Each structure stands twice: as C-alpha cells, then as structure tokens.
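These figures come from a predicted structure and were not determined experimentally.
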Amino acid sequence: VPDSRTIWLFRERLTEKGLGEVLFHDFVNAFTEKGLIFNEGQMIDASFVLAPKQRNSREENEKIKKGEGKELWNDKPQKKNHKDIDARWTQKGGQNYFGYKANTKVDTKSKFVKECITTPASVHDSQVLNNLLNESDRGQKIYADSAYIGQENTLQQYGLENQICEKGYRNKSLSEEAKESNRQKSKIRARVEHVFGFIEGAMHGFNVRSVGIKRATEAIFMTCFTYNLFRFEQIIRLGIN
C-alpha cells in the first residue's frame, strides 16, 4: 500500500498536468459513445466545497478580496504555502461557508455528471451557466432551481427548453399555476440531489484539504470522475436503461 507521501506526489502530478479534467472528459465521451448518456435533458446545480479556514488579519483579508493576495507573506514562504487566497466566504440560509463551489451539469436520465466547474464560493450559481453548456445540450430541457432565473439569453443561445423553477417576490407571490409547474419541474430536478447525496454519503463529500483553486479544481474533477465510475457500475449491475 503506498504511503501518504506517494499518494500526495501522484495527486500533484495529476494537478500539474491537468489530467483529472482529461480523465473526466474522456470518460464522459466514452459513456456518450456507448449510449449511456441519453441527452434527453440536463440538470444544473451547485454544491459547496469546504476548504480549511484561514486565520488572517482584517488587513490581509482586504488585500485578498482586492486580488492582492500574492503580495502577502513573501517574507514567510512556509506560511504563504499554507494560505489559500482563492477560496472565499459566502452565506446561504443564514449559514457561513468558506471554500469553493462545484458547479455541475448532470444528465437527467442516466444521472452521469457531464460537466463540472470550480469557482470560489462567493460566485453566484448563475454566473457559470454559460460555461457549463455546449452544443451537445442544444434543444434539450434544462432543469434548475430559481437561482438560475434571468439566464434567458443563454438558454436561447442553445435552444434550450426552460424548466427552471420560478420564484416569488415580495408583494408578488407565485400563482397556483406557477406553484404546480414548480412541483412538476422539481420532481425531475430533484434527481440531481441523488448525485450529491451519493458523493456526500458514500464518498465523504466534496471537501478539499489542499490550498488554491487549481488543486481544488483537480480534486473536484476527480470526485465527479469517480462518481461516474460508481454510477457506471450501478447501471451495469442493475441493468438500468
């Protein structure tokens, strides 16, 4: 059994060459060629990826927010190596999160992850929608929660059928018709939670213990790649079609 140092060096080599992304996309292409990815609809969602919390001064945090993090701790290289200047704080549902987001596109029927993009946690989900989509999605239905409202131009660009849940506003609640439409959309969109549930439960989640968005990106690609392998085994074993 290789020791932790050997595994760490192997992961570093994968990261330096960007091979996690290559492996991920090679297998997605192979699954598509085998007819295991049906392209009858796509689900878009994001999950927080927690990173080791940083203990910086207020001044240091202000510099990091301004994009000046590389100027810090130059006189203390050992300390600098352990500082993550790419991860960000954000808040959702009254809870604080520090780290990144794994933005994913999942095939509705097969539940294979087709694309994933890593961003700092503070980046809004909708800002990466265009980067998740490509020509293979043209003409399909797209399912997502209300965080992706307002992306009509992107949907039109790929001729996508909008199945994004609507959202009520102050003094303008949803009609009964819109609520029923959301329920129908959510029945399908909820399948993406099966993916995140498996990653969180069986694979111990998206958490990263490395420093920097480059390593986090590679870790997330490898997590999604490994999930796809598990899903492939399940489809073959259970004869799902």
Side-chain angles (χ1 to χ4, degrees), residues 8 11-12 14-21 24 44-106 113 115-134 144-155 157 164-165 167 169-170 192 196 199-200 203-224:
W8 186 87
R11 289 179 62 183
E12 281 295 286
L14 287 177
T15 300
E16 288 169 8
K17 297 179 181 297
L19 292 179
E21 180 176 1
F24 173 81
I44 307 294
D45 208 352
S47 179
F48 287 116
V49 181
L50 301 182
K53 294 178 182 178
Q54 305 289 293
R55 290 172 174 78
N56 304 323
S57 67
R58 184 174 298 178
E59 292 76 15
E60 289 169 342
N61 281 330
E62 286 300 320
K63 282 198 169 187
I64 291 170
K65 288 179 182 178
K66 293 177 183 178
E68 300 172 358
K70 291 183 179 179
E71 301 174 9
L72 298 169
W73 311 295
N74 288 328
D75 57 333
K76 300 177 180 178
Q78 281 289 95
K79 183 177 182 178
K80 187 167 186 172
N81 287 339
H82 291 85
K83 290 293 184 179
D84 194 335
I85 60 174
D86 298 323
R88 292 290 185 273
W89 283 98
T90 193
Q91 190 176 78
K92 184 177 181 179
Q95 186 172 348
N96 294 321
Y97 299 89
F98 179 77
Y100 301 93
K101 271 183 186 175
N103 302 271
T104 58
K105 177 177 70 178
V106 178
V113 179
E115 186 60 270
C116 57
I117 294 175
T118 303
T119 63
S122 58
V123 174
H124 193 272
D125 299 358
S126 62
Q127 292 184 27
V128 298
L129 178 60
N130 190 51
N131 294 327
L132 285 169
L133 301 172
N134 55 48
D145 62 28
S146 58
Y148 295 88
I149 286 176
Q151 301 299 306
E152 286 77 11
N153 290 340
T154 299
L155 301 188
Q157 179 183 343
I164 297 174
C165 291
K167 180 171 64 174
Y169 297 92
R170 183 179 294 181
V192 77
F196 290 138
I199 290 173
E200 289 296 324
M203 299 174 58
H204 307 294
F206 275 116
N207 295 350
V208 296
R209 295 174 178 81
S210 54
V211 173
I213 195 168
K214 185 175 181 180
R215 290 190 178 106
T217 297
E218 199 69 12
I220 290 168
F221 268 124
M222 290 301 293
T223 298
C224 291

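Annotation: side chain to side chain contact (heavy atoms under 4.5 Å, CB included) contacts of Asn81 (sequence neighbours excluded): Gln78. For Ala46, the side chain to side chain contact (heavy atoms under 4.5 Å, CB included) test picks out Lys101, Asn103, Asp125, Tyr148, with sequence neighbours left out. Shown here are the ring pair (Phe, Tyr, Trp, His ring centres under 6.0 Å) partners of Phe221, two or more places apart in sequence or in another chain: Phe24, His25. Judged as a salt bridge (Lys or Arg N to Asp or Glu O under 4.0 Å), and not counting sequence neighbours, the contacts of Glu12 are Arg215. Partners of Gln157 under the side chain to side chain contact (heavy atoms under 4.5 Å, CB included) rule, at least two apart in sequence or in another chain, are Asn130. A search for side chain to side chain donor-acceptor pair (under 3.5 Å) contacts involving Lys214 returns nothing, not counting sequence neighbours. Remark: Asp45 pairs with Arg189 by the salt bridge (Lys or Arg N to Asp or Glu O under 4.0 Å) rule, at least two apart or across chains. Looking at residues two or more places apart in sequence or on another chain, you find a side chain to side chain donor-acceptor pair (under 3.5 Å) between His124 and Ser126. Shown here are the ring pair (Phe, Tyr, Trp, His ring centres under 6.0 Å) partners of Trp89, two or more places apart in sequence or in another chain: Phe98. Scored by the side chain to side chain contact (heavy atoms under 4.5 Å, CB included) test, Lys167 finds Ser146, Ile149, Tyr169 as partners (sequence neighbours excluded).
Here ring-ring contact (aromatic ring centres under 6.0 Å, His included) pairs that include residues 47-81, with residues two or more places apart or in two chains, are Phe48-Tyr97.
Side-chain contact between Tyr100 and Thr217 is absent, with no heavy atoms from C-beta onward closer than 4.5 Å. Within the 4.5 Å cutoff, the side chain of Leu133 has heavy atoms near those of the Thr154 side chain. Looking only at side-chain heavy atoms (C-beta outward), Gln151 and Ile44 stay at 4.5 Å or farther from each other. Residues Cys224 and Phe206 meet the side-chain proximity criterion, which asks for heavy atoms closer than 4.5 Å.
Rounded to the nearest 0.5 Å, atoms SG (Cys116) and CE (Met222) are 11.0 Å apart.
For Glu218 (side chain) and Gly20 (main-chain N/O), a donor-acceptor pair under 3.5 Å exists by modelled atom type.
Annotation for Met203 and Thr223: closest pair CE-O, 3.4 Å, computed over non-hydrogen atoms.
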Identify every side-chain donor-acceptor pair in residues 50-59 under 3.5 Å, counting partners at least two apart or on other chains, and give the distances.
| unit_1 | atom_1 | unit_2 | atom_2 | d |
| --- | --- | --- | --- | --- |
| Gln54 | OE1 | Asp84 | N | 2.9 |
| Gln54 | NE2 | Pro52 | O | 3.2 |
| Asn56 | OD1 | Lys83 | NZ | 2.7 |
| Asn56 | ND2 | Asn61 | OD1 | 3.2 |
| Ser57 | OG | Glu60 | N | 3.1 |
| Ser57 | OG | Glu60 | OE1 | 3.4 |

